[in-house]
Amino acid sequence: MILYFSATGNTEYIAGKIAEYIGDDTLNLLERIKAGDFSEIHSDRPFVICSPIHVCEMPIFFADYIKRVKLTGNPDVYFVFTSGGYAGVASSIARRIVRSKGMNYMGRAEFTMPRNYPVSRHYPLLGEEECRRRVEESQKRIPEIAGCIKDGKWLQARHVTFFEKIITYPFTPLWAKFKHTAKPFYATDKCIGCGKCERLCPVNSITMVDNRPRWADKCAHCMSCIGNCPVGAIGYGDVVEPGERYRFEKNH
Ligand SMILES: Cc1cc2nc3c(=O)[nH]c(=O)nc-3n(C[C@H](O)[C@H](O)[C@H](O)COP(=O)(O)O)c2cc1C
């Protein structure tokens with residue numbers, strides 16, 4: 001069973017490709033995460049958990065969900081990360097979570113996909129050409145990675161150094177606490193009040209008030225609201241103009 005969260009479509013795409021290759025089912029965890037539903041998920045085949053990378057780790061809310069959800073059946077767990085190029089220490093956190101559940105950590109794969117984080121001034125979106133190239137390169141690696149999963153082999157990836165761990169462990173929660181603010185989000189008059197942003201927000205930060213989104217303070221900065229707005233009506237302070245966003249294109 002392939003479990004995933006994806007804010008802007010990269011991880012969903014990779015999860016889907018792996019599922020296709022190994023002939024297994026996917027389960028989008030969004031609704032469960034939103035509802036705080038940690039009830040049992042059963043799979044007779046290995047679990048493959050797919051996640052984007054947020055600030056060198058799995059998104060905090062996602063890691064927390066995986067920690068708490070009850071997984072039964074096959075004890076083997078693989079991880080697949082999609083990032084803009086650096087997956088940081090996500091794998092060591094994944095290993096710890098899996099072991100705390102009494103399950104077998106089977107390694108992880110990392111896919112470099114298009115960046116989706118326009119809100120970060122240091123992390124501009126990439127051009128169309130580079131996005132296409134990254135998706136094509138990732139696609140080429142699917143048979144190798146999915147083949148390992150299908151054969152029950154360990155997924156080998158880059159070694160995470162001790163230095164990376166001591167920098168990242170304290171840094172990421174602090175960064176998330178102080179930088180992941182929703183205050184600058186706004187919707188322009190283009191907003192059609194469809195409520196998609198509210199439905200897709202994994203941490204329930206958005207409420208529709210008078211047919212317009214209103215953001216609470218807590219936010220995962222996942223970019224789901226901006227990325228999936230059907231009319232490009234969402235902006236972020238003076239950093240992101242409405243319409244400037246990333247969403248995985250199915251026609252890559
Ligand atoms: C809040 C946030 C933080 C991110 N941090 C990193 C990072 O540390 N390293 C990296 O390579 N990519 C980073 N990214 C980029 C995403 O991991 C990448 O674009 C991912 O494929 C998005 O997946 P999705 O479309 O399934 O949500 C970040 C994106 C967001 C929104």
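Numbering of ligands and ligand atoms starts at 1, following listing order. Count residues from 1 along the sequence.
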Review point. Based purely on interatomic distance, does Thr11 place a nitrogen or oxygen under 3.5 Å from a nitrogen or oxygen of ligand 1?
Key: yes

**Study point:** ligand 1 contact on Met223 by region, counting heavy-atom pairs under 4.0 Å
**Key:** side chain

Practice item. Select one of side chain, backbone, both or neither to describe which atoms of Pro114 lie under 4.0 Å from any atom of ligand 1, heavy atoms only. Key: backbone

Practice item. Go through the side-chain N and O atoms of Gln139 and Tyr13 and say whether any donor and acceptor fall under 3.5 Å apart. Key: yes

**Study point:** Backbone or side-chain N or O of His221 under 3.5 Å from ligand 1 N or O
**Key:** no

Check your understanding: Is it the side chain, the backbone, both or neither of Phe248 that has a heavy atom closer than 4.0 Å to ligand 1?
Key -> neither

Check your understanding: Should you measure from each heavy atom of Ala7, which atoms of ligand 1 turn up under 4.0 Å away?
Key -> 24 (P), 26 (O), 27 (O)

Review point. Mind checking whether Tyr246 has an N or O less than 3.5 Å away from an N or O of ligand 1?
Key: no

Study note, to complete from the structure: Here the ring-ring contact (aromatic ring centres under 6.0 Å, His included) pairs for residues 108-149, sequence neighbours left out, are Tyr117-His221

Review point. Looking at ligand 1, does any of its N/O atoms fall within less than 3.5 Å of an N/O of Ala220?
Key: no

Review point. Quick one: does Phe5 get an N or O within less than 3.5 Å of an N or O on ligand 1?
Key: no

Exercise for review: Tell me, please: is Tyr123 in heavy-atom contact with ligand 1, that is, under 4.0 Å?
Suggested key: yes

**Study point:** Test of proximity, Asn116 against ligand 1: N or O pairs below 3.5 Å
**Key:** yes

Review point. Is the closest heavy atom of Gly88 to ligand 1 under 4.0 Å?
Key: no

Point to revise | Chi angles and distances behind the salt bridge (Lys or Arg N to Asp or Glu O under 4.0 Å) call for Lys140, Glu137 | key: CA-CA 5 Å; Lys140 283 186 203 152; Glu137 287 304 311; 3.0 Å; yes

Check your understanding: Do Pro52 and ligand 1 have an N or O pair less than 3.5 Å apart?
Key -> no

Review point. Do the ring centers of Phe5 and Tyr65 come within less than 6.0 Å of each other?
Key: no

